[in-house]
**Q** 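One structure follows; several queries about it will come next.
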Amino acid sequence: MARELQKTYDPKDFEEALYQKWLEADCFSPKSSAKGTFSVVIPPPNVTGQLHIGHALNHTTQDILVRFKRMQGYETLWLPGTDHAGIATQIRVEQDLRENEHKSRHDLGREKFVKRVWDWKATYGAKILEQTKKLGSSCDFSRLRFTMDEGLSRAVRKTFVDYYQKGLVYQGYRITNWCPHCVTALADTEVEHKDLEGAFWDIKYPVKEGGFITIATTRPETLLGDTAVAVHPDDERYKDLVGKTVLLPLTDREIPVIADEYVDMEFGTGVVKITPCHDPNDFEVGLRHDLAQICIFDDHARVNENGGRYQGMDRFEARKAVLADLKELGLLVGERKHTHAVGHCYRCGTIIEPLASKQWFVKMKPLAEPAIEAVKTGKVRFVPEHFEKIYLNWMENIHDWCISRQLWWGHRIPAFYCDACGKTTVSETDLTVCPHCGGAVHQDEDVLDTWFSSALWPFSTLGWPDQTADYQKYYPTSVLVTAYDIITFWVSKMIFSGLALTGQVPFPTVFIHGLVRDAQGRKMSKSLGNGVDPLEVVEAYGADALRFTLATGSTPGNDLRFSMDRVEASRNFANKLWNASRFVLMNANESVGEDPLCEALGAEDKWILCEYQRLIREVTTNLEHYEIGVALSKLYDFIWDVYCDWYIELCKPRLNEKGTPQNRAALSTLLYVLRGTLKLLHPIMPFITEEIYQKLPHASGFIMTSDWPQADERFDFEREMRAMEEVIDVIRAVRRIRAEKNVPPKVKAPLYLKTDDPDAFSQSEPYFIRLAGASELAFVTKAPEGCIAAATNAATAFLRLSDLVDTEAEKARLSAECENLEKQIAITEKKLENRDFVSRAPEAVVNKEREKLERYRAALANSRAALAAL
RNA sequence: GGGAGCUUAGCUCAGCUGGUUAGAGCAUCUGCCUUACAAGCAGGGGGUCACAGGUUCGAGUCCUGUAGUUCCCACCA
């Protein structure tokens, strides 16, 4: 029969096929709706490699929201795409080139190398798409974007030129964070500070006029680039020295002693060496005092020609050599251990070298102000709220943003330098001649920071700067879903860019999720090898199980630990739903009515219908408030505990009465609730719900494009629901008694019930017979003879002990058990009295014996009590 | 040096605006192949909700402090 589900739940049987069907039916593109739009742009994964489990969390979260809104009838767009990820991708391709062909990018040359990266992008971009599909993501692939697409590149250029004309982009010679391995400048956000064990060295500098001055430094090798020594103007100790000249050791240079407020008198010796080219503060001091700038490192942080005999040494070799030489000269007078924060490149981990160089910057103050305002006034809201502090803290302490990178992969800076007149022209279109003098021009060699283009993502992907239909319809987007680790990198940049360029916030809500960690709680990383490939999980357990796992067990903004145990539990849930549906389908057929409301509705039907209405209301509210985990746990409980464990069991007797009104009522309620519950679950587990939905009687179309369930007041049977709950309570109580007495299910016994609310139990005899092992139900007003009682809020249930257990046999069994236990206890006691055993055996073994003894004694007490009760 | 989060059952985590006996999954124990499901069913054990104060009729939930832990930000040589 076409309506049957396969006997075993195997997601491989249908997940892929269903996804194809959705694609073929064009289910993912927005359908115009009077209800309004709901749009989301994907945080574009880097084309560096494949997706990891963190992406799976991000995508799942978005897909849940998107599918929910789509079913609610909004014109829903989820726009997919990828990021060129400048440094990260370039490093990966260079590594690949080195490992496979033993070549550097310079061997290929810029053009060939960039082509090579495009090939890489083609490969990994496609892989990422494949993975996205396997997860069930319902993005509109007809609108797929890449940050280096023609249109998006135009947006980048337009922005750069705009900012330039407004004076927001400027070129400056400044200290920047320089990565000697990647050979490029980095933005402050791209530097990770880690505490390193280092040392403080005290070094004596000879003063020309006589005597010495002692400075303290953590970086003695930069001494080679010193152009002054500074003290605080108010420092009495050194007042006389200001204006004198110092003979810089290891070089033949003479440098002045200057006075500057920057120096902290309390710190170290109160004297600071000034190296303008290799320290941001010293650079500023240098400017104030018009000091020479002597750069002693090349792009790879090796000592250059300014370093005299140290030329060619790596910076750390140079440190050793300088220290050794100073020691030799007797100028090294102290060394103390000292830990301090050292900047590392966020991509390759190399220690950052502050280096003075000419770079492009974005002036941040004017851009940050409205962006701060937008969050403070609630135009942009963070969920959970406390993440706005991270954002504000960063925005309020903003520094200018270094946007030029000495890389080949990225958007080339649209600045053109005239070889003749020397003027700089910034232009949206490529120039060949200078607009000022007509001379030949050459374009800036550098590319823009990758975040410069991602900053525009919410609108550049929709066609901006053109006022396209998509842009007008879907911008601003509805919500941004991302992890907290890129709030400063990305979220902040989109907000100020959106405000500056489109005059609007790019999204009213930022929904923050946590990071996925491994079972031990460690961050997943390549070097640890603890990363989980989402596709392997999908392969083994199905996309629905993976999605379920990611959607549950964590709250917004909190990290979640990923373990296969949890995926397995999720799969078990899917299996449960599968089997319950299979059972319903085995009994149902097309003749069952779609609306369950009828005369024959039983108490249990009213109960489940009422519970179901409550579920609709709660799940809907939870999803609207981004409480995905809460919504899901309610669905889980409803499906497993309420629908499967109780409702289906309660229905079973009526399922054999084919053709009766009671039978039809049961079936239509089973189907009605199942259909609606599948819909509620669909955003989270799209595949299994679609597969089952398609098999249901009266099914037409897709569940994914069906309407979201609405609570139906006709089914608010509150009173009946409470009555049923009381029945369930009593059944539980009776089961407890039977379990405690070890009564086999086959043994049936009369059940006596004492209650003040007989109405609630008037129709309940069949339930007790089926689910509580009762042979009949009798109401009593006082406790019958020889009975055990179990009380609930509404009633007291009585069972006659002699009905439940064969007294003689039980007596015999219990006496045997007591005897056996006594024997065991004697043996164990003897063992523990044996001094040899206690002293020689490992403590754990002895303890185990002691525990055993305790257990035996407890068991014996129990058995004796039971015996006495008979 | 600032700031934020976390600390609840053996393990991993839920507990919304304070309200009846603090929940789930996994693990564990007991009994069940009760024909939708052993990837299951029924029942049980296990928590002084990190600690110390405070507000309140009432606190896991709010306030203050302490400890441990994770993370973010930060140009003190």
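Letters A, B, ... mirror the listed sequences (proteins, then strands); counts begin at 1.
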**Q** So, does the side chain of A:R735 form a donor-acceptor pair with the base of B:A42 at under 3.5 Å?
**A** no

**Q** Taking the nucleotide of RNA chain B with the nearest heavy atom to each, does A:K7 or A:M265 sit closer to the 5' end?
**A** A:K7

**Q** Can you check whether A:F489 and A:W451 have ring centres sitting under 6.0 Å from each other?
**A** yes

**Q** A:D279 has a side chain; which of B:G40, B:A39, B:A77 sits nearest to it?
**A** B:A77

**Q** How far does the P atom of B:G23 sit from the matching atom of B:G46, given to the nearest Å?
**A** 13 Å

**Q** State the CG-CG distance between A:L326 and A:D202, to the nearest 0.5 angstrom.
**A** 12.0 Å

**Q** For nucleotides B:G5 and B:A50, find the distance between their C1' atoms and express it as a whole number of Å.
**A** 15 Å

**Q** Do other residues, nucleotides or ligands put more than 12 heavy atoms under 6.0 Å from A:Q520 CD?
**A** yes

**Q** Rounded to whole angstrom, note down the C1' distance from B:C16 over to B:A9.
**A** 23 Å

**Q** Considering only the C1' atoms, how many Å lie between B:G68 and B:C29, rounded to the nearest integer?
**A** 34 Å

**Q** For the side chain of A:K389, counting heavy atoms from C-beta on, which of B:G43, B:A4, B:G5 is nearest?
**A** B:A4

**Q** Considering only side-chain heavy atoms of A:H386, which listed nucleotide, B:C41, B:G43, B:A4, is closest?
**A** B:A4

**Q** Is the number of heavy atoms from other residues, nucleotides or ligands within 6.0 Å of CD (A:Q6) greater than 12?
**A** no

**Q** How far does the C1' atom of B:A42 sit from the matching atom of B:C37, given to the nearest Å?
**A** 15 Å

**Q** Can you tell which of B:C26, B:C73, B:A39 lies closest to the side chain of A:A569?
**A** B:C26

**Q** Kindly point out which of B:A14, B:C75, B:G40 is positioned nearest to the side chain of A:N572?
**A** B:G40

**Q** For B:G15 versus B:A24, give the span between their P atoms, rounded off to a whole number of Å.
**A** 15 Å

**Q** Among B:A36, B:C75, B:C73, which nucleotide has an atom closest to any side-chain atom of A:T488?
**A** B:C73

**Q** Taking donor-acceptor contacts at under 3.5 Å, does the side chain of A:E649 reach the base of B:A36?
**A** yes

**Q** Side chain of A:N558, heavy atoms from C-beta onward: which of B:G40, B:G5, B:G2 has the nearest atom to it?
**A** B:G5

**Q** Please work out if A:D637 contacts a base, only the sugar-phosphate, or nothing of the nucleic acid, heavy-atom cut-off 4.0 Å.
**A** nothing

**Q** Please give the distance between the P atoms of B:U55 and B:C63 as a whole number of Å.
**A** 15 Å

**Q** When you match A:V263 and A:T189 each to their closest nucleotide on RNA chain B, which lands nearer the 5' end?
**A** A:T189

**Q** Any Lys/Arg nitrogen of A:R571 or A:D544 sitting under 4.0 Å from an Asp/Glu carboxylate oxygen of the other?
**A** no

**Q** When the P atoms of B:A14 and B:G31 are considered, how many whole Å apart are they?
**A** 35 Å

**Q** With a 3.5 Å cut-off and just heavy-atom distances, do the side chain of A:D565 and the base of B:C26 make a donor-acceptor pair?
**A** no

**Q** Looking only at side-chain atoms of A:W394, point me to the closest of B:A36, B:A74, B:G43.
**A** B:A74

**Q** Check every strand shown and say whether A:W640 touches a base, only sugar-phosphate, or nothing at a heavy-atom separation below 4.0 Å.
**A** sugar-phosphate

**Q** Considering only NZ, NE, NH1 and NH2 on the basic side and carboxylate oxygens on the acidic side, decide whether A:R566 and A:E568 come within less than 4.0 Å.
**A** no

**Q** Of all the nucleotides listed (B:C33, B:A4, B:C37), which has the minimum atom distance to the side chain of A:K746?
**A** B:C33

**Q** With respect to the side chain of A:C644, which nucleotide from B:C72, B:A36, B:G25 is positioned closest?
**A** B:A36

